[in-house]
Structures are given as structure tokens and as C-alpha cells.
Amino acid sequence: MSKINITFPDGAIKEYEQGITTRKLAESISTSLAKKAVAGKFNGELIDYDQVLNSDGSIEIITKDSEDGLIVLWNTAAQILANALSDLYPEMKFGQGQATEHGFYFDTDNQAGQVGEADFEKITAKMNKIIKQNLKIEKVSYSKDEALALVANDPYQKELVNDLASANSGQVFAHKQGEFLDFSNNVVLPSTGAVKVFKILSVAGAYWKGASSNPMLQRVYGTAFYKQKDLDVELVRREEAHERDHRVIGNKLDLFFVDPKVGAGLPYWMPNGATIRRTIERYIIDKEVGDGYEHVYTPVLANLDLYKQSGHWDHYREDMFPPMDMGDGEMLELRPMNCPSHIQVYNHHKRSYRDLPLRIAELGMMHRYEKSGALTGLSRVREMTLNDGHTFVAPDQIEEEFKKILQLMVEVYNDFDVTDYRFRLSYRDPKNTEKYFDDNEMWEKSQKMLKAAMDDLNLEYFEAEGEAAFYGPKLDVQTKTALGGEETLSTIQLDFLLPQRFDLKYVGADGQEHRPVMIHRGIISTMERFTAYLTEMYKGAFPTWLAPKQIEIIPVKNDLHFDYAAKLKNKLSAHHIRVSIDDRNEKMGYKIRQAQVNKVPYTLVVGDSETANNTVTVRQYGQEDTKEMSQADFIAMFSKDIESYSRQETK
RNA sequence: GCCACUUUAGCUCAGCAGGUAGAGCAUCACCAUGGUAAGGUGGGGGUCACCGGUUCAAAUCCGGUAAGUGGCUCCA
């Protein structure tokens, strides 16, 4: 028998018999390691614990307490779920199942009646039985024909077997636990017993292979851990995520509401939410004006012909509200994007190269007919106001302008203390080019240009095909919502096409007419989405500059201290501070609590001492200690807080 | 749009082997005048999402519509 060389993570290389497994390697190292080990990682790829090794390579032993260890556990739990379901519903067809970010799922299709939440108890019991039996999970190999015969009654599995076979020259692997066969390349535990604790969480529809043209399967979600404690932590995490949800906080702090009677996806901003929004709007307009942008106001309605010329009508129609027929031949359209409006601004004058870069910006209200199932609180709505801007540049100014926009973005993110994001270069889908403007050269050119700029700036990014706008590629900034969903916040998009469609020109230094390039950019997204994002990021405890109410004044005794409180309030109001007095007939402790629950940044208690000394006793949100200080000192502290925006380093 | 589930007072929810509604918080009134996270008593408030069906009788069972939630697809 021949020997193979195995490299360990510490760099050590040892010789073993060919056919050794991760299990044997782990056992040869130490029994404590073998006890924790659940799988291997050979040359960087996860493998089953008992997968035989036949060639030289590097090995990493995957233990229960690692991230990969959880993936293996979740893959296994998914398989056990499918096994249980196949026992409970013999007619059930199966899609795919695997680990997710925080658990696992399996796709199912039961014509006699889809799986519902009412079935969870039954499913859990059956899974527990399978786990208790500690069934051995073996990897078995089949020829394509053998495998197809085994799944003859299941069209999805047949398709999967065909896919697997063509990816692996006719050979198909399956994991066998008991009678159940799972055709997939998922790496799983050697037996079912190690899935100690799990919970079936929810069901949801999911299209077969993720294509909306395919039938919809029922996806059963769950999560699992090696220890009960870890499951408890995960369940608490999920609950806390829900409490951070902007819809929950938005309701508690009275920021906004959506009333189905007046329209889904059409949010109403209550005074508290409106204050936050107004503050953000003032901030970003000032910031942009300072950065060379010219802010404009343009109409939300325009003749439909504008959107025919721009191409929106051809490429974006399903997201647009139907046109309004005015009865005299005129068709008006609610705008879904602001770019055509800003093009009108550009075209209103004859432009010279001396005008470029011309930066037109607007908090532009737009309407998009989002599918009903996509609507979510403030983060996905049908009427939205975008922090929009279009810069018109000469071709040789693209890179510099791109960098300038990125710089602005970084500054704004710092001011709001947004730190958790990643860059995504969004290209068109090369397999589905009819969705986009048909100009291969433009796409190639602009995609390359974006990538080069990012590389030049030494910024980390990932690339995503099929995420481009229909008129051009984008640099997107991706963030996460409280519930883990990914959303685009900022975006910078190169556009060579709209200038062409609208025949945009500028007179160059040579006296000849040239075509400008447009850069579409949004720094803080829409007011709706950004407010939702901030609400979740700050957990409703808005930094002082954004907080709807910045200061609550609480007189110790209304009749004795109200006058002093009122004078104080007037003084603070004169500094444009959002302040109020809680003079309800309640105990002080009650009012303090209310101020904390409502996440008011500063609570000022005034009683005998304060009245006598012209001071305030300050309590900051989330802190228990208090401090008495002069009014002047407090105002100075407060002003410093405001001036630092949300920045942490200055706090 | 699709799949599953949900919709009861301003908010969070209970009630559901069918017999026309409850709690806590909020709100209002009165009492209590309190130094850093909920003082007491009492009152008001709901055509149980909407439309239809079954039934002597529907918040409760069935169907439809709308909206919401979790996802999928799509997206700022």
C-alpha cells in the first residue's frame, strides 16, 4: 500500500497509509481531540469524518466548537429533518436542504397538504426518534442510472441526480441514514446522535432552484446546536433582533406608521420620525452643498414620454405605477427614478466643459410599484425620497469624481457611525443580457472602469453578477438589517447610456460638442430606508443630534419647581434644543423611567438645590449616575455632543 | 406576485369543544406632593380587519377580499 503525506495546520508533514480518514488522524493525535472532532477539511474543502484520503494534502480537523463544526451539524440536522418528513409523508417530494447562516432548511413538496406550523410538534418528535436511534450516516456511491431509479417518483430529486452526475462524470454520491437517501454534496456528521438539540422554527415558500418560473416548494427552517445552552443563546439572539426591528421600535417610539386603509407601502411620518428625518435631510443637503452639489426641486410627475425616452418604460415598467390618462391624450407618470428629471436640469442650459463636473442633487421623491410581498415597514416602500445626485462629467473626469463620491460617503458614514458594511461591485448578468441596455462595449468598459477604481483605492469588495441597474454597473454598499437581511445603502453607478438617449452634450475646449458621462449616486439611500437602518443600528437610542426629544426636564415638585423648569426650558429652546417638561402628576421615579424608556438622551431633574444654585442634575440615557452642574456647563456639554454627530471616537 | 401563517381596545396580547368580549400598558378623573426605572382608586374606550356562507345562535366553523408576518423572487 502506498503512502501519502499529510500537512497539518502547524506546518508539520507526516506520512500515512493511503486511505486514512480524518477520524483516524484525530484519534492518532489525542483522544480529547477525537472526542470533539466531527469532520475534516482537506485542502481547504470540508469532508466527511470518515472520508478516505488518497492523495497528499493538507488537513484541518473540524471540531464541534468551530464554525465549520456548526455547518456540518446543520447539514446533518437538515438531513434528519428530511428523513423524518419522508417517514411522516411518504408521498412527499424533496428539493434541497443545507446549512444557512444561523441554522438549516430543507425544501419539501407535499401535494396532499404542505407542511405547516401545526406539524412542527410531530416533526420534532420524529426527528428526536431518529437522533435517539443514532443512525449511522454512510456515504454511498451510485451510477447515474442506479440513482435515477431510486428517485424515480421524485421529479426534483431526479433533476438533482442529473445535476450531480453531470458535475461528477456520471457518478453520484448520497448520504444514507436508515432508509433515507440524501443526494447532495453536503458534508455531514458520521451519525445522527450528535444532533443533540434543535428547533424547527418556521416554514416559508421557496422557488425550486430559486427561479420564480419554477414551482414553489415549502422550505422548513430550523436551527441546531451541540449544547442546549447554545440553542438558548440563539433563541435569545433572535428575540433581541426582533426587538431591534425598526418596525417594533418605530411603533414604540411613535416614529411612523403604515395604514392599510390609505395604502400599503405608503408610510406616515409621525412628529418623532419626522424630526429625525428632517435632521438627516438638513445634514445631508448641507454636506452635499459644501461638496459642490447644486440642490434642486423637480416634479414627481412627468409626461410618460420622458420615461419612454429614458428607457424606464421599456426596462422598468413592472416597478412603475400605471400612467394616468388625462383624457386629452396626455399621459402622466409618477416617476420611479430621478435621473430623467436631473437630465432636464442639465439640458436646460448649453453646457461647457467649464461647467463639469456638474453635480445636481435632490431629495427626490419617487414612486415604485413594489410587489406586495416585498413591502416591509420603512425599508421597502412604494413612496420614497432618495438622497439622489447625478454628476455629469467629461470622460476623463470619471475616476476623480468616483473617488470624490467615495470620499463623501466615508465622511457621511463616519458622522453617522456606520461601520458595518461591505462594497459590492454589481455587474449585469451575462446570461440574461436582454434585461439591460444592449451595448456590450459600454458594459465591458464601465465594469472594468469601476473595478480599476476600486483596486486603485485599495478597497476590499466582492463582485456580483446580475445586480447592475439596467443602464449600467454599480458600486453598492451592502448593510444588514436587524433580522439579517442584506440591503443596499449607498450606490454609485456609471452611466454612458442616458447621456446618449437624451443626446447630452457639452462644448469642449476645442469648441466641439462632446458627450458627458453621468454618475448616479445615492449616499444615504432613501430617507425611509436610512431611517429604518439607523433605528436598528442605534436600537432606537438615537444620538442626541438626531433624537426627537433631546432633553426631558423633570421638576421634583411641580408647584415648587415648575417656574425654574419653565425658565430653563425657554433658555434651552432658544438654543434650538428639543426639550420638554414632564409636569404630569406622577412620581419622579415614574417620570425618570418614562424618559429612559423613550430613550431621551438627557434627563434634567430640578428641585430645591438646582433652583437655589441655578444648576441642573443631569442623567444621560442608559446611565445610572447623575451629576449636578451649572446651566452653562450643561449647555456646553450638550453642544459638544451635538457637534460630534454620532461619532464614537469623540464621545 | 408566490407559499405558509396571522388579523380581538391607541399598544402588547388572552378568550375560540360556537351562546354577541377580557388583562396589562396607555388615556381621562380624583386622591397622593414624591430627589433618579412603574403610588392608589375609579371611569371611558371594541359593529372581535372586511364581505359572504353554515347554524336557532359565529370573535370562535367554512369561503372570498385586503393588510401584516416569515421566507422566495425582485429592490433604495
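All chains are named by letter (A, B, ...) in the order of the sequence lines, taking the proteins before the strands, and each is independently numbered beginning at 1. From a predicted model like this one, the values you see are computed outputs, not experimental measurements.
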To the nearest Å, how far apart are [X] [atom1] and [N] [atom2]?
{"X": "A/E383", "N": "B/rA76", "atom1": "CD", "atom2": "C1'", "result": "14 Å"}
{"X": "A/L255", "N": "B/rC11", "atom1": "CG", "atom2": "P", "result": "15 Å"}
{"X": "A/K599", "N": "B/rA37", "atom1": "NZ", "atom2": "P", "result": "16 Å"}

When the [atom1] atoms of [N] and [M] are considered, how many whole Å apart are they?
{"N": "B/rA17", "M": "B/rC61", "atom1": "P", "answer": "9 Å"}
{"N": "B/rC2", "M": "B/rG10", "atom1": "C1'", "answer": "34 Å"}
{"N": "B/rC30", "M": "B/rA67", "atom1": "C1'", "answer": "41 Å"}
{"N": "B/rC31", "M": "B/rG19", "atom1": "P", "answer": "43 Å"}
{"N": "B/rG22", "M": "B/rG45", "atom1": "C1'", "answer": "13 Å"}
{"N": "B/rC72", "M": "B/rA14", "atom1": "P", "answer": "27 Å"}
{"N": "B/rG68", "M": "B/rG15", "atom1": "P", "answer": "25 Å"}
{"N": "B/rU54", "M": "B/rU60", "atom1": "P", "answer": "15 Å"}

Tell me whether the OP1 or OP2 atom of [N] has a side-chain N or O from [X] closer than 4.0 Å.
{"X": "A/R619", "N": "B/rA37", "value": "yes"}
{"X": "A/N558", "N": "B/rG34", "value": "no"}
{"X": "A/T626", "N": "B/rU36", "value": "no"}
{"X": "A/Y590", "N": "B/rA26", "value": "yes"}

Check your understanding: Given the side-chain rings of A/F94 and A/Y156, with only the six-membered ring counted for Trp, is the space between their centroids under 6.0 Å?
Key -> no
Donor + acceptor pair across side chains of [X], [Y] (<3.5 Å):
{"X": "A/T488", "Y": "A/D476", "result": "no"}
{"X": "A/N338", "Y": "A/D388", "result": "yes"}
{"X": "A/R521", "Y": "A/S490", "result": "no"}
{"X": "A/R368", "Y": "A/Y316", "result": "yes"}

Review point. Residues in ring pair (Phe, Tyr, Trp, His ring centres under 6.0 Å) with A/F530, at least two apart?
Key: A/F416
Mind checking what makes side-chain contact (heavy atoms from CB on, under 4.5 Å) contact with [X], not counting sequence neighbours?
{"X": "A/V381", "value": "A/P267, A/M384, A/E528"}
{"X": "A/A361", "value": "A/E288, A/Y293, A/H295"}
{"X": "A/F257", "value": "A/D259, A/Y268, A/M270"}

Point to revise | Nucleotide-level pairing of RNA chain B, given in dot-bracket where Watson-Crick and G-U pairs need both distances under 3.5 Å and | marks other strands | key: (((((((..((((.....[..)))).(((((.......))))).....(((((..]....))))))))))))....
Does [X] get its side chain close enough to the base of [N], under 3.5 Å, for a donor-acceptor pair?
{"X": "A/R368", "N": "B/rC74", "value": "no"}
{"X": "A/Y369", "N": "B/rG1", "value": "no"}
{"X": "A/Q596", "N": "B/rA38", "value": "no"}

Check your understanding: Could A/R428 and A/Y436 be counted as a cation-pi pair, given that NZ or CZ must be under 6.0 Å from the ring centre and within 45° of the axis?
Key -> no
Practice item. Identify, between A/E370 and A/H561, the residue whose nearest nucleotide on RNA chain B lies closer to the 5' end. Key: A/H561
Revision key, fill the gap. Ranking A/G466 and A/R584 by the position along RNA chain B of their nearest nucleotide, the one closer to 5' is A/R584
**Study point:** RNA chain B-proximal residues of residues 111-119 of chain A, any heavy atom under 4.0 Å
**Key:** A/E117
